[in-house]
Amino acid sequence: MSNEEMFKELSDAIVSCKKDAVIATVEKARDEGIPPAEIIEKGLAAGMNEVGVLFERGKLFLPHVMMAAGAMEAGVALLEKDMPKDAASKKLGIIVNGTVEGDVHDIGKSIVSTMLQSSGFEVHDIGRDVPLQDFIDKAKETSANMIGMSALMTTTLPGQKDVIEMLKEQGMRDDIKVMVGGAPATEAWANKIGADCYAENASEAVAKAKELLL
Amino acid sequence: MTTEYALRMGDGKRVFLTKEQIMADLQEGSADAADLADVPALSGDELERIAEIMMTPSRMVGVEPGKEVPVTHDIGTIRIDGDQGNSGVGIPSSRLIGSMMHERAFGADTMELGHIDYSFKPVKPVIAQEMQTMEVCQQNMIVPLLYGAMPNMGLYYTPDGPFENPGDLMKAFKIREAQESMEHAAGHLTRDTVWIMQRLMASGADGVNFDTVGAAGDGDMYASLHAVESLRKQYPDMYIEVGMAGELLLGMHGELEYDGTVLAGLWPHQQVKLAAKAGANVFGPVVNTNTSKTSPWNLARAVTFVKAAVEASPIPCHVNMGMGVGGIPMFETPTIDAVSRASKAMVEIAGVDGI
Amino acid sequence: MGMPISHIMTSGMSGIRAAGDLVARMELAKSMRVGDAKDYVAKKLGVSTLDLSDEYVMRELREDLGIGVITSVAGAPKGIAAKMNIEKLLDIKINSCEKFRSQVSK
């Protein structure tokens, strides 16, 4: 079997959301001599991307996403001993995610956190109605690479701008990326407030996080 | 030099497009909807008609005489004395004044009484105020007056409600516990909604408008459908409107069913059948606007979804066309030119029974 | 407010200015599609469906039938009274009218 065919089989196993299938396919790929890093990146991670797309298209649902993520973790755990220490469990980046102060919406934000986590990021979801300084404090505490902020009301949207201003005042703006989202947020708004990116939905959040951090 | 037409982006910003660009975006938007929901894309003729509407050299367009439809309202009277968060314009006035203003000054065909914290759960502690207001409004008004609120099942999760947040449980891989939490919350939401509407009906309400059904996913719709069913049994003549939150019903639970149909993953033409089965009189399909795409892309996409829903529906469809939905730009004050064009397209091409 | 007003001006039947409330009532009360609702109301009013959004036709007709007019005519039925006349015209029951009747001493 060619490597490309093997990567497809790995990806399909993830999309099946079945842990046993993923474990069996990872073992098969390992036996065929495919480097562990490629098994993860070109096989399993590609499968998780596909899971994200299928979720946005209504073909898979949140429990499936979690089962796929669990299966991926199991697959990665199998490869740990074949990789340099900590390489297998290395996260793509650290992200602090939350809904800004005054805003109690969190369904969309939670889905974004789940998808980012499933895609290999270390996500610290700090909830909703988050005091603005808490985004920065948590980012410092976790050495985060990115802050993600959601707002679902026009009245709370300015909180996203305020956090960016606070990052500048505290000398942290150049060291951390900022992603914004939520119903009233737009690309134009993100540009206006100096955010690094805007994401329309959870899949886009994953894609843009990867673009900015990898 | 090719003629360019002043249109809008999904965020409301003005953009200039040639006819070729407009047609390309219309085709792409319609194809996206058709592919997602497995429904027919708009025909060449339909796309041409939308293009003509969009290229009309006037600020506003209008439907042909005889094609006018009733306009129903979400949020309703709060638009007058409410704050920015409720799209309100902050004119100090009572909700009676707001209702009568809509009836007598703005030409509304129906009206909705809503609470400033526009969800069902917060209505319970202030039910007497809502009942009293409904009584007074009904004595003075002529157009149908519904009571409206959002199911907003998220309010039943911690810290606002008694059930553990399923998003947190899911992230901890506690899938079954997350599903149970949603099931319990749905039960409470159904019970609360029915309790509230029993009191509003006793106060003379014409009926209920469920706004943004499905905002918290399939559990939210499950609860709402059961509330509709229960209310319909008790009040055979009640007006019941079910308006959705988005074109896709998100599968947060994944396994909840109504009438043997899995709710997760349903599109508007599928959602409407269940709403009708539960006992709704009017269904409000919703299609969210993509702020990074043009208004032709967004409108063609929205019309494609809604047309399929209208054709599949046994009950009237009043397409949701507020801020950021139904092809309308996602902007606090949606531009009149874009609203007018989307309105006409929905009536004349999607064939809606109301807006 | 510009958005709902824009919809009403573009596509709406303009409520009690014409016959929009009556068509809306039939959609909501009997789940009638817009075409059927218009046919029903037009028949009850003795007008064409084109007339249902025509202020010229509806203004006088509404006052004659006592079903509520948009300008505040002293002595013309308003509120519950107008709705009771709508009940008779459209052959439906309106909840607020039922409540009113139940509260009035026999």
Would you mind telling me which of B:Val69, B:Thr110, B:Val61, B:Ile355 has the largest number of heavy-atom pairs within less than 4.5 Å of chain C? B:Val69
Counting only non-hydrogen atoms closer than 4.5 Å, does B:Thr335 touch chain C with its backbone (N, CA, C, O), its side chain (CB onward), both, or neither? neither
Without hydrogens or angle criteria, can the side chains of C:Lys99 and B:Gln138 be said to hold a donor-acceptor pair below 3.5 Å? no
Side chain / backbone / both / neither for C:Thr49 at chain B, heavy atoms under 4.5 Å: neither
Just verifying a value: how many Å separate C:His7 NE2 and B:Lys344 NZ, rounded to the nearest 0.5 Å? 15.0 Å
Out of B:Val282, B:Ile240, B:Asn209, B:Asp237, which one pairs with C:Leu28 under the side chain to side chain contact (heavy atoms under 4.5 Å, CB included) rule? B:Val282
So which of B:Ser313, B:Gly88, B:Ala342, B:Ala280 has the biggest tally of heavy-atom pairs under 4.5 Å with chain C? B:Ser313
Pick whichever of B:His318, B:Glu64, B:Met134 has the most heavy-atom pairs under 4.5 Å with chain C. B:His318
Most chain B-contacting option - heavy-atom pairs closer than 4.5 Å, from C:Glu98, C:Glu27, C:Met9, C:Arg17: C:Glu27
What I'd like to find out is whether the side chain of C:Val34 reaches to under 4.5 Å of the side chain of B:Pro316, using heavy atoms alone. no
Under 3.5 Å donor-acceptor, B:Arg104 side chain and C:Ser72 backbone: no
Quick one: do B:Ser343 and C:Ser11 satisfy side chain to side chain donor-acceptor pair (under 3.5 Å)? Show the steps, please. CA-CA 6 Å; B:Ser343 199; C:Ser11 309; 2.7 Å; yes
Contacting region of B:Met60 [heavy-atom separation from chain C under 4.5 Å]: side chain
Could you look at B:Val63 and say if it's the side chain, the backbone, both or neither that has a heavy atom under 4.5 Å from chain C? both
Name the option with the most non-hydrogen atom pairs under 4.5 Å to chain B; the candidates are C:Ser53, C:Gly68, C:Ala37. C:Ser53
The interface call for C:Ile67 against chain B, heavy-atom contacts under 4.5 Å, is backbone
Between chain B and each of C:Leu50, C:Ile5, C:Ile16, count heavy-atom pairs under 4.5 Å; write down the option with the most. C:Ile16
Under 4.5 Å between any side-chain heavy atoms of C:Thr10 and B:Met346, yes or no? no
Toward chain B, the part of C:Ala24 with a non-hydrogen atom under 4.5 Å: both
Most contacts with chain C, counted as non-hydrogen pairs under 4.5 angstrom, among B:Val143, B:Ile80, B:Leu146: B:Val143
So which heavy atom on B:Met323 is nearest to which on C:Met3, and how close? N-SD, 3.5 Å
So, the part of B:Ala276 with a heavy atom under 4.5 Å from chain C: the answer is neither
Proximity breakdown for B:Met201 and chain C, heavy-atom pairs closer than 4.5 Å: both
Which distance, rounded to the nearest 0.5 Å, do you find between the OG of C:Ser6 and the CE of B:Met321? 11.0 Å
Could you tell me which portion of B:Pro334 (side chain, backbone, both or neither) has an atom closer than 4.5 angstrom to a non-hydrogen atom of chain C? side chain
Let me know if C:Arg33 has heavy atoms under 4.5 Å from chain B in its side chain, its backbone, both or neither. both
Against chain C, label B:Val89 side chain, backbone, both or neither, depending on which of its atoms sit under 4.5 Å from a heavy atom there. side chain
Max heavy-atom pair count under 4.5 Å with chain B, selected residue of C:Lys93, C:Lys38, C:Lys30, C:Lys78: C:Lys38
Tell me, do B:Gln139 and C:Ser96 make a side-chain contact under 4.5 Å, heavy atoms counted? no
Top contributor to chain C interface from B:Glu103, B:Glu135, B:Met100 [non-hydrogen pairs under 4.5 Å]: B:Glu103
Is chain C contacted by the side chain of B:Thr333, its backbone, both, or neither, given a heavy-atom distance below 4.5 Å? neither
Where is the tightest heavy-atom contact between C:Ser14 and B:Asp109, given as atom of each residue plus distance? N-OD1, 3.5 Å
Here the pair of heavy atoms bringing B:Phe106 nearest to C:Ile8 is O-CD1, 3.1 Å
Structural part of B:Val347 lying under 4.5 Å from a heavy atom of chain C: side chain
Between the side chains of C:Arg25 and B:Asp206, is the shortest nitrogen-to-carboxylate-oxygen separation below 4.0 Å, so that they form an ion pair? yes
Taking every non-hydrogen pair under 4.5 Å, which of B:Thr72, B:Val352, B:Leu145, B:Val71 racks up the most with chain C? B:Val71
Quick check against the 3.5 Å criterion: does C:Asn95 have a side-chain atom that pairs as donor or acceptor with the backbone of B:Ala205? yes
So what's closer than 4.5 Å to chain C heavy atoms on B:Ile142: side chain, backbone, both or neither? both
Quick check against the 3.5 Å criterion: does B:Asn140 have a side-chain atom that pairs as donor or acceptor with the backbone of C:Gly79? no
